[in-house]
Number of protein chains: 4
Amino acid sequence: MGMVGGGRDAFIGAVHRMAAWLDGKIDLVAGAFSSNPEKSKLSGSDLSIDPKRVYASYQAMVEEEAKLPAGERIDFVSIVTPNHVHFPVAKAFLEGGFNVVCDKPMTFNLEEALVLRDLVKKTAKVFALTHNYTGYPMVKEAREMVRRGDLGKILKVVAEYPQGWLLNPIDAEGQKQASWRTNPEQAGASSCIGDIGTHAENLGRYITGLEIEELCADFTTFIEGRRLEDDGNLLLHYQGGARGVLYASQISAGEENDVNIRVYGTKASLEWHQEYPDNLTVKYPDAPRRMFRRGNAYVSDTAKRFTRLPFGHPEAFIEAFANIYGEAARGIEAEVSGQALPKELDFPTVDDGVKGMAFIAAAVQSAKNGGVWTKMPKT
Amino acid sequence: MGMVGGGRDAFIGAVHRMAAWLDGKIDLVAGAFSSNPEKSKLSGSDLSIDPKRVYASYQAMVEEEAKLPAGERIDFVSIVTPNHVHFPVAKAFLEGGFNVVCDKPMTFNLEEALVLRDLVKKTAKVFALTHNYTGYPMVKEAREMVRRGDLGKILKVVAEYPQGWLLNPIDAEGQKQASWRTNPEQAGASSCIGDIGTHAENLGRYITGLEIEELCADFTTFIEGRRLEDDGNLLLHYQGGARGVLYASQISAGEENDVNIRVYGTKASLEWHQEYPDNLTVKYPDAPRRMFRRGNAYVSDTAKRFTRLPFGHPEAFIEAFANIYGEAARGIEAEVSGQALPKELDFPTVDDGVKGMAFIAAAVQSAKNGGVWTKMPKT
Amino acid sequence: MGMVGGGRDAFIGAVHRMAAWLDGKIDLVAGAFSSNPEKSKLSGSDLSIDPKRVYASYQAMVEEEAKLPAGERIDFVSIVTPNHVHFPVAKAFLEGGFNVVCDKPMTFNLEEALVLRDLVKKTAKVFALTHNYTGYPMVKEAREMVRRGDLGKILKVVAEYPQGWLLNPIDAEGQKQASWRTNPEQAGASSCIGDIGTHAENLGRYITGLEIEELCADFTTFIEGRRLEDDGNLLLHYQGGARGVLYASQISAGEENDVNIRVYGTKASLEWHQEYPDNLTVKYPDAPRRMFRRGNAYVSDTAKRFTRLPFGHPEAFIEAFANIYGEAARGIEAEVSGQALPKELDFPTVDDGVKGMAFIAAAVQSAKNGGVWTKMPKT
Amino acid sequence: MGMVGGGRDAFIGAVHRMAAWLDGKIDLVAGAFSSNPEKSKLSGSDLSIDPKRVYASYQAMVEEEAKLPAGERIDFVSIVTPNHVHFPVAKAFLEGGFNVVCDKPMTFNLEEALVLRDLVKKTAKVFALTHNYTGYPMVKEAREMVRRGDLGKILKVVAEYPQGWLLNPIDAEGQKQASWRTNPEQAGASSCIGDIGTHAENLGRYITGLEIEELCADFTTFIEGRRLEDDGNLLLHYQGGARGVLYASQISAGEENDVNIRVYGTKASLEWHQEYPDNLTVKYPDAPRRMFRRGNAYVSDTAKRFTRLPFGHPEAFIEAFANIYGEAARGIEAEVSGQALPKELDFPTVDDGVKGMAFIAAAVQSAKNGGVWTKMPKT
């Protein structure tokens, strides 16, 4: 694979690389690691990439890689830049004939997302979006439970993503991650909901299959001078009558990354926390609570397919991320060799990205209008 | 004490009695245990009450008890009836010269609450409302932390009270507790928020001291034929800018009574769950999480004052309830003996009841209007 | 009831009183609260006991109470003194015709225990020993599980009782509780194993029904100058081949009172912690873990019989203690009224006390001999 | 690197490979993956290894790899065979001039371990033993705490490694992992203590630095026909007076791999569980419990050095394993390039392996002699 972004002081690029490397099937062989050509070169050197394939810009990368013979050029690009660059890079590589793995949120705004969707359909390339939390085996188990009807009809979803890292104005003090994530020119119309609320939304949709019909959003910017919201609380109405509570926060002191979800059905409810990802708790009205644990013989074949270690030897974030990469790679391998894609591929697609951007757009609109109930835009 | 309500198949009456008995300072000596005189008599017999003081009605009880000499008549009445009877009973006993301990929600509606408040002021009797969760030592510790400024300025409060006991239409099937709690003639304008959401509201206010300015409420009745909501999700704006998420549910499969709260400040956050009431977790942006445990030397004098056992020997619901009774009894003892009330009495008062009823009223109004933001009524 | 011990600065006396009062069926009407007559008098006054029935010594108490008419005198005595006084007081009251509730360990040594057992049989009085942890509903549920065969054949038991309160030489500094509990003249031949290890042993025997065949004990006194061990670690061989690990400690920094037990069978294992007493976790080789919670419809009738509150409203230490009192009271009520004892009485008896003293004796002997495997004495 | 063992139906080989690949710095380029040459070939093909470097035996591998030019031949071998083959393979590669990473227990018996130690010293090659639990950042944090004196003087260590996977006679039924691990010809003199008890021992020594002086071991074989113990419980005396309880079990129903440790000192105690490896709990006699979490700014530089992800994004087993590989690789890189080894290398060495084998030998001897206290052999 090749990589765009992910240079020396980036965060998520390193995660993508470990996810790609873990199973020994994906090599990193090319990159445009920074918009600063010098930094790109140094980063490439850190990673022992052949200097000829360390590019000064993503445009140069598309152009040069496309010139390489089929067996030598990259099979796909991994896009790990700030949000506003996702779309142009994805567009360039898709049009250049490459498959794409892209970090979330998919694009800068909904309009770009719709264009990108058309482009993916037109080029028939593989496009995978790294909503990585859906890569956890016990999240997949949760989805299986809902699909099998173990929970009955879903009545209510509570999804939370509390963080505390922006409790102080580190963006104003120049911390790089904080700066671009709170900058509307780079992050888009939302910070907190765009960066992490969208993970909670995606997680809920992945597990339950429910689509939001309308929502009511309350955004707050607690830190003076910050340009985007750092806390967002939402009430949701799902199609079909289920209800939802969803919140994300960047100013919740001492919270780390405990994205979590509870799903309540007519027969049972489930609960999952990413900080303890091997556990999936199910509660019943009239039977003891059950804790399902990754790696056991009793979990679904789906959960098993995404498991590397025996029970009790914990798997975690990188392994889940690698599951997204592994599925994308299965698709890309087929695409590159001109075969039909495997049927049961399980990774977030451009359609998930469109829905995520629509969710952000609706939330921003509701919040701007003082918290009125707002329909999800047609996509 | 005497009791109104709490007969044979009641639930909360038995709890009030254990709370009263626990410390060996309060005796139950009279009662009108049911609106059915025969049932009242049988219940009185179960409780070994002198049959002369088992009354056929609360009216008879006020009248007869008032005739007894000062040292013999009850010092206070405990009201444990369904909601719609709270007000007339409280009124009768206050006017009859008795102190009152009353279950929550305080009255049937806000109007009654305001009248009751005036009456309490006028009669200068002790009136204690059993928002029992505030009786837990670690809830008191949480309040002390906020008061001392350990959390800094409060930014956000998340309070939840999920239950699952009304997931099936047991009210329609005649289960007594379920029937009256979902009947607008007995419960008032709200079931879920009135019965348990108000506990969450009270808990948040007790710990943080914050008052709600406006709210947005989404009520749902999931069970067909049920007349009041069985799920309520709210967004809150507190005076001074803090934000809140509050929900209560009676249809959350497998949930028992885990009322819980998280309070986020500029310096730290705290978390408390009533199902594990001896623990109070505090999270910091830059230091290890701390778990404060009841009974340790390091907790505040306030928390210590409400503790009976050494650390590690758990205390729970009845002990917390008894703490409300204990404080009410301290006040009543002073009142009965004509002394000034102790200054630092710590139990929910008629003012808390008014605020609780105002909260219910605002939530009902918001929900009826489709989830519009609604100001708290002036009280 | 009457009480011997439990005066002003005692700890366990207050617990016994709350346990007795909780259900409104037992009154405290007499006592010899201290070996110091003046202190006994003051303690009686604190408790609003009729001064005539506050005695200067337990001997006086037996004598005077026995003179009272049947309906007026105490039905039983509760013995809450330091260990070395248990036997003479119990003997005096049994011989005086009274039923007895006694704190543990039952006696000063095994010899006294055997004598006491004979006396109980001879007098045919009720004798209840407050191994209070067996009063927890979920401990009873655990026993039911084992009895029903849910766990299969029991292979291994791990029981722990770690405390940290004697980590500093507070006994040498005169702290009353610490002083007598580490004084061989008052506590007996063991401190740590006698005071709390015996609870762990009793808990294991109650749940599993297994009897220890032989044991190997390693005692350590970590605090210089202390006269009895403050840490004891044991390996156990049960009759029938099961194995055990049991330890108790008073010098485990930061531990409170988390007596806990794990029982491993051929079909499943269970785990219970007294600091979270409403939970009982069961693990299976091939099925999700289950957490049984007190108060649910699915628990056994036995567990239900000892439950006061609905699920999710936690019960704890005092309620469990009150379950011992409640069962003892059922027996005593029958005895006093000349009826046969109910069949399914569920409280620790003089036989449990004998086994506990035998366990202490064997452990002390093993430890003294350098940790050699030692058979349990014949009793 | 090259690998010996780890063919198609092996377990630990795959773990070693992921650990090696994770950070993108180690490639697998050669192997003798099975004692069955055909299986070795197929396994090599699965792994896309150049067929020329897939060998029919480890002997062939040493010979052929040694012939390759310095820059082309493997830098080290990873030994992931059953225990009885560790020694001959390690010997062959060390003597052939290669560095070694070896799974545990290090050798078949203590005698081999002593020979191997001499050989490592003589050849001056890097030898790393994969006691992988010491690779967890919070285990390293625990060691730092002890070293800094945060816990005071260590009094007691409780280490457990319960598993349940051998509760049924799957070894007799031919399950490959179970068969060799319970076969004294392949596993050595102990199964349970050798396979997992030694991890608990190593973990305790790593964190506390304490050396065992003598021990008392109780071994049981619960499954009929099994040739080695499947449950082992030990009491420990450490040099300097600390006490220990250590047990391992393979027949504990429903237990997965929760190796865990509690260390009690005069100032504080700590607790760590591998199933929740990002948490490290510290308890104090007189202050709230603290939970240290991986990835926070407040942890030691040592813990930080072994961390890949921000707080709240969990790391787990593979990352810890990769930390051992990463440190070994740092040493090997220096060795291969003829430089001095970095000073602060942090991986288990041949000395740890010798101590582990001595521990196993002493435990086996004690158990064979009926649980007598047995001194650790001089090594």
Side-chain angles (χ1 to χ4, degrees), chain A residues 3 11-12 14-29 46-49 132-133 136 161-165 177 196 252 254-260 273-279 291 293-298 308-322, chain D residues 3 11-12 14-29 46-49 132-133 136 161-165 177 196 252 254-260 273-279 291 293-298 308-322:
Chain A
M3 180 167 272
F11 150 58
I12 202 69
V15 171
H16 280 250
R17 287 191 293 265
M18 290 187 283
W21 287 330
L22 178 68
D23 294 313
K25 296 187 172 160
I26 300 172
D27 283 331
L28 176 64
V29 296
D46 291 348
L47 293 162
S48 308
I49 310 286
N132 52 292
Y133 302 111
Y136 279 109
Y161 199 145
Q163 294 179 333
W165 71 298
Q177 290 297 321
I196 57 174
S252 294
E255 298 288 3
E256 300 181 348
N257 278 292
D258 195 22
V259 51
N260 64 82
H273 287 255
Q274 103 107 0
E275 292 189 356
Y276 302 96
D278 279 352
N279 295 341
M291 190 197 276
R293 299 251 312 151
R294 187 196 51 73
N296 278 281
Y298 56 72
R308 290 166 185 79
L309 297 176
F311 52 48
H313 283 149
E315 295 190 18
F317 186 87
I318 295 171
E319 291 77 32
F321 218 112
Chain D
M3 181 168 271
F11 150 59
I12 202 69
V15 171
H16 281 250
R17 288 191 292 266
M18 290 187 283
W21 286 331
L22 178 68
D23 294 312
K25 296 189 174 160
I26 300 171
D27 283 331
L28 176 64
V29 296
D46 291 348
L47 292 162
S48 309
I49 309 286
N132 52 292
Y133 302 110
Y136 279 108
Y161 200 146
Q163 295 180 333
W165 72 297
Q177 290 297 320
I196 57 174
S252 295
E255 298 289 3
E256 300 182 348
N257 277 293
D258 195 22
V259 51
N260 64 81
H273 287 254
Q274 103 106 359
E275 292 189 357
Y276 302 96
D278 279 352
N279 295 341
M291 189 197 277
R293 300 252 311 150
R294 187 197 50 75
N296 278 280
Y298 56 73
R308 290 166 185 79
L309 298 175
F311 52 47
H313 283 149
E315 294 189 19
F317 186 85
I318 295 172
E319 291 76 33
F321 218 111

**Q** Closest approach of Tyr136(A) and Phe317(A), non-hydrogen atoms and distance?
**A**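 Heavy atoms only, the tightest pair is OH-CA, 3.1 Å.
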**Q** What part of Phe321(A) is in contact with chain D, defined as an atom under 4.5 angstrom from a non-hydrogen atom: side chain, backbone, both or neither?
**A** neither
**Q** Return the option, out of Ala322(D), Ala320(D), Gly312(D), with the maximum number of heavy-atom pairs under 4.5 Å with chain A.
**A**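 Among Ala322(D), Ala320(D), Gly312(D), the one with the most close pairs to chain A is Gly312(D).
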**Q** Using the salt bridge (Lys or Arg N to Asp or Glu O under 4.0 Å) criterion, which residues pair with Arg17(D)? Sequence neighbours excluded.
**A** none
**Q** Is Phe311(A) close to chain D through its backbone or its side chain, or both, or neither, when contacts mean heavy atoms under 4.5 Å?
**A** both
**Q** Checking Asp23(D) against chain A: side chain, backbone, both or neither under 4.5 Å from a heavy atom?
**A** both
**Q** Can you see which heavy atom on Pro162(D) is nearest to which on Asn260(D), and at what distance?
**A**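 Closest approach of Pro162(D) to Asn260(D), heavy atoms only: CD-ND2, 4.4 Å.
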**Q** Only pairs of heavy atoms separated by less than 4.5 Å count here; which of Glu319(A), His313(A), Lys25(A) has the most with chain D?
**A**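 Heavy-atom pair counts peak at His313(A).
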**Q** When only pairs under 4.5 Å are counted, which of Arg308(A), Glu315(A), Gln274(A), Gln163(A) shares the most heavy-atom pairs with chain D?
**A**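 Looking at each of Arg308(A), Glu315(A), Gln274(A), Gln163(A) in turn, Gln274(A) comes out on top.
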**Q** When heavy-atom pairs shorter than 4.5 Å are enumerated against chain D, which of Leu309(A), Asn296(A), Val259(A) gives the highest number?
**A**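 Top option by heavy-atom pairs under 4.5 Å: Leu309(A).
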**Q** For Glu256(A), check salt bridge (Lys or Arg N to Asp or Glu O under 4.0 Å) against everything at least two apart and list the hits.
**A**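 If we apply the salt bridge (Lys or Arg N to Asp or Glu O under 4.0 Å) test to Glu256(A), skipping adjacent residues, the hits are Arg289(B), Arg293(D).
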**Q** Return yes if some donor-acceptor pair links the side-chain N/O of Asn279(D) with the main-chain N/O of Met291(D) below 3.5 Å, else return no.
**A**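 The answer is no, because no donor-acceptor pair under 3.5 Å joins these two groups.
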**Q** Short question: side chain of Tyr276(D), backbone of Pro314(A) - any donor-acceptor pair under 3.5 Å?
**A**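 Answer holds: no.
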